[in-house]
Amino acid sequence: MSTSPSPTTVPEARARIDEINERVVELLAERQAIVDALCELKADADRTVRDPEREAELLAHVRAVADEAGLPPTLAETLFEEILAHSVERQRRQRADGAAGPSAEEPSAEEPPDKATGAVSTCGAQA
């Protein structure tokens, strides 16, 4: 993927790793901002936070991309499972913070309330 030459010293390798880590964090922050917008879009469409079919597709795609890139698919899947879990929790908190009225506090039949916060897992009643 990278067109940069391989590092030739330990400090150079570590500096490159630090740069990559910063890019990964920046991309995660960008992804998080999109997750926030997605929650609003789901609220407007009266859709639930979780979409198991979409999550399965995403994980299958991540595994395939990882395999093509020479990265262990299980590593990529594990990382993205954690990213997905964070996204779901963030959307649940966003939903709970923006909820209005009693229906906002009742879980849908599809998804139970979050155990830690008691927040429901739909964005449906959000303003």
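Worth saying up front: this structure is predicted, and the values here are computed from it rather than measured.
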Could you tell me the separation between the [atom1] atom of [X] and the [atom2] atom of [Y], rounded to the nearest 0.5 Å?
X	Y	atom1	atom2	value
Ile34	Leu41	CD1	CG	11.0 Å
Asn21	Arg16	CG	CZ	12.5 Å
Gln32	Ile83	CD	CD1	11.0 Å
Leu38	Gln91	CG	CD	5.0 Å
Glu82	Thr78	CD	OG1	9.5 Å
His61	Glu57	NE2	CD	11.0 Å

query = Donor-acceptor pair, Gln94 side chain versus Asp36 backbone, under 3.5 Å?
reply =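 The answer is yes, because a donor-acceptor pair under 3.5 Å joins these two groups.
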
inquiry  = A side-chain contact here means heavy atoms from C-beta on lying under 4.5 Å apart; do Glu55 and Val88 qualify?
reply    = yes

message = Does any part of the side chain of His86, heavy atoms only, come nearer than 4.5 Å to the side chain of Val35, both counted from C-beta?
response = no

task = Step by step, work out the side-chain contact (heavy atoms from CB on, under 4.5 Å) result for Lys42 and Arg95.
result = CA-CA 10 Å; Lys42 288 178 182 178; Arg95 164 63 176 86; over 6 Å; no

Under-4.0 Å salt bridge between Arg47 and Asp51 =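 Salt bridge present between Arg47 and Asp51.
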
message = Using a strict threshold of under 4.0 Å (side-chain N to carboxylate O), is an ion pair present between Glu89 and Arg93?
response =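 A salt bridge links Arg93 with Glu89.
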
task = Identify the two heavy atoms, one from Ala76 and one from Ala66, that lie closest to each other, and give their separation to 0.1 Å.
result =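 Scanning both residues completely, I find the closest heavy atoms to be CB-CB, 3.5 Å.
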
ask   = Do the side chains of Ile20 and Phe80 join up, straight or via other hydrophobic residues, at under 4.5 Å, putting them in one cluster?
value = yes

ask   = Arg63 and Thr74: side-chain contact (heavy atoms from CB on, under 4.5 Å), yes or no, with the steps?
value = CA-CA 7 Å; Arg63 286 181 64 85; Thr74 55; 3.7 Å; yes

request  = State whether a side-chain donor-acceptor pair under 3.5 Å links Ser87 with Arg31.
outcome  =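 Looking only at side-chain atoms, Arg31 and Ser87 do form a donor-acceptor pair, the distance falling under 3.5 Å.
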
Residue from Val62, Leu59, Leu58 passing side chain to side chain contact (heavy atoms under 4.5 Å, CB included) with Glu77 =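 In the set Val62, Leu59, Leu58, the residue that makes a side chain to side chain contact (heavy atoms under 4.5 Å, CB included) with Glu77 is Leu59.
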
